[in-house]
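One structure is given below, encoded as structure tokens.
Lettering follows sequence order; numbering is per chain, from 1.
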Number of protein chains: 2
Amino acid sequence: MLYSEQMATLSRKQREIRDREKLILDVARRLLLEKGYLGLSMDRIAEEIEYSKGTVYQHFRCKEDLLTALAIQTKLKRIELFERAVTFDGRPRERMTAIGAADEIFARRFPDYIATEEVLYVQSIACKASESNQEAMQEVDGRCVAAVCGTIRGGIEAGDLEIPPPREASEIAFGIWGMTFGSHIVGKTPTCMDQLGIKDTFTSLRRMQQAYLDGWNWRPLSHEWDYDATRDRILEEVFADERAAITI
Amino acid sequence: MLYSEQMATLSRKQREIRDREKLILDVARRLLLEKGYLGLSMDRIAEEIEYSKGTVYQHFRCKEDLLTALAIQTKLKRIELFERAVTFDGRPRERMTAIGAADEIFARRFPDYIATEEVLYVQSIACKASESNQEAMQEVDGRCVAAVCGTIRGGIEAGDLEIPPPREASEIAFGIWGMTFGSHIVGKTPTCMDQLGIKDTFTSLRRMQQAYLDGWNWRPLSHEWDYDATRDRILEEVFADERAAITI
DNA sequence: TTATTTTTTGACGGTTGGTCAAAAAGTAGG
DNA sequence: CCTACTTTTTGACCAACCGTCAAAAAATAA
């Protein structure tokens, strides 16, 4: 047998394995979205992909590892949108608005994000994952943070924003991040929303993000600039293909 | 047997049951904090309280019901602090700061709050609880929201804050709530904090809350007023007994 | 002491996550 | 085509879990 043929055989097998891994993740994501964390079982996954349980465990060392892989997969989508957002041609605070739009598109397009991501935040699940997945998780988190912090530093360098020490760019990022993350969770809780009487979570979130940046005196302030128009431009220039996801 | 004696007997029994319920909740809370959601099992609770599992199930119809009861118990503590906070004698925004201080005391004194509360937010757990517990949950949530919204409306009435329609007081509350809740969760995730380089979550949260309220132009703005001094006064006048919890 | 009601029990059924010896499939050489 | 070897796949198996419920134990009443 020729070397090239051997390679072809090997890579076909590898391709099979890779395809199966994707299949497992797809099925797992669907089950997680449909039946929640408790409804997601390794047995059911095995059944649905028509392989035995042992084979599933050859791909992921435990359930938490699988969930982490799921979260990484999703987060890569988020990063893709974020990194597109920061290419927007405009003032730093407009780019910040673009990141906000990216997050909104992301949250609307991938409602399962909440399901995968929040489980990972909440319980000590991530720490059970394989080392490689833990590192991958850290890496994608880092790229996310970098996009946000980079934009904030851009604002400082442009002279649009001052942060008196000991405050730092990361502190503003922490605020935006917590606020956004928290809103997505609280916004999915009917009890709270009933109590508050909020109808459109996303619109509220957008306003509170602007208020927050105004609070840090990041210019131009929201009353000095038409950020709704900026948003339209963002959707047109950067996220034209995703526009359908965001308009209700 | 006299009626009064019968009553005494009944009430002793009832007292026993009530005490046992408290014992179950105490053990459950400890287990949840020590071993996480996955480490909390009904068998282990039964073992620790030295009753059989059936008896535990006589108090709580299922695990989720128990978790909900736990969350309610904790939330009552939160409300107690919140309702004390709003008695602070000062301007509305100072009272808002008092609520922030109450939340900080709460988060520091009851780290298990995150464990109980977040599990309830995340999964569809609350809906499995008994009707009475669901109602109780709604009620305590309502009181929490009322304290915050009431203070915001106080600010509006005092002329310190304007909210142009269609914005409402509840929208500001949603922001503060999401921001605070999100920060507590993200702040407990080492990965994120490493990436961001935040050391003191609580201090950062305090600053971001002030920035947020500044963003809504709630007067006096943080640069017009010494809210650190206000905080000292709050800790002295309202939370003297809890002061130890908040000073590191 | 006996009859009746209430409370407590733990064995049991069904379902998880995870393991591992054995079976099946694939590969190589003659 | 057959045989020896390697890799992959399998599903019976284990321990742990939630929740049930007939039967045992305790409390109460007569």
TODO: Report which part of the nucleic acid A/Leu66 touches: base, sugar-phosphate, or nothing (heavy-atom distance under 4.0 Å, all strands).
DONE: nothing
TODO: Check whether any side-chain N or O of B/Lys63 sits under 4.0 Å from OP1 or OP2 of D/dC18, and answer yes or no.
DONE: yes
Open item on the list: Expressed as a whole number of angstroms, how long is the span from A/Leu38:CG to D/dA16:C1'?
Closed with: 15 Å
Open item on the list: Distance check needed: C/dT16 C1' versus A/Met42 CE, whole Å only.
Closed with: 11 Å
Task: 4.5 Å side-chain heavy-atom contact, B/Lys128 and B/Thr68 - done: no
Task: Side-chain heavy-atom pair A/Leu81, A/Glu242 within 4.5 angstrom cut-off - done: yes
- [ ] For B/Ser41, report the nucleic acid contact type (base, sugar-phosphate, nothing); a contact means any heavy atom under 4.0 Å.
- [x] sugar-phosphate
Task: Ion pair A/Glu104/A/Arg108, N-O distance below 4.0 Å - done: yes
Task: Interatomic distance where CZ belongs to B/Phe60 and C1' belongs to D/dT20 [whole Å] - done: 18 Å
Open item on the list: Let's see if you can work this out: which of C/dT16, C/dG10, D/dT9 has an atom nearest to the side-chain heavy atoms of A/Asp43?
Closed with: C/dT16
Task: Spacing between A/Lys53 atom NZ and D/dA12 atom C1', to the nearest angstrom - done: 10 Å
- [ ] Please report, rounded to the nearest Å, how far the P atom of D/dC18 is from the CD1 atom of B/Ile45.
- [x] 8 Å
Open item on the list: Counting only side-chain nitrogens and oxygens, does B/Thr55 get under 4.0 Å of the OP1 or OP2 atom of C/dT9?
Closed with: yes
Open item on the list: A cation-pi test, strictly: NZ or CZ of B/Arg78 under 6.0 Å from the centre of the six-membered ring of B/Phe110 and no more than 45 degrees from its axis. Yes or no?
Closed with: no
- [ ] Tell me, please, whether B/Phe106 has B/Lys75 positioned over its six-membered ring: NZ or CZ under 6.0 Å from the ring centre and within 45 degrees of its axis?
- [x] no
TODO: Establish, with yes or no, whether the OP1 or OP2 oxygen of C/dT8 is under 4.0 angstrom from a side-chain nitrogen or oxygen of B/Arg20.
DONE: yes
Task: Nearest-angstrom distance from the residue atom CD of B/Glu64 to P of D/dG19 - done: 6 Å
Task: Sugar-phosphate, base or nothing in reach of B/Ile17, heavy atoms under 4.0 Å - done: nothing
Open item on the list: Rounded to whole Å, please give me the gap between NE2 in A/His59 and C1' in D/dT7.
Closed with: 14 Å
Task: Separation of atom CZ in B/Arg44 from atom C1' in D/dC18, rounded to whole Å - done: 14 Å
Open item on the list: What's the closest nucleotide to the side chain of A/Tyr57 if the choices are C/dG18, C/dT9, D/dT10?
Closed with: C/dG18
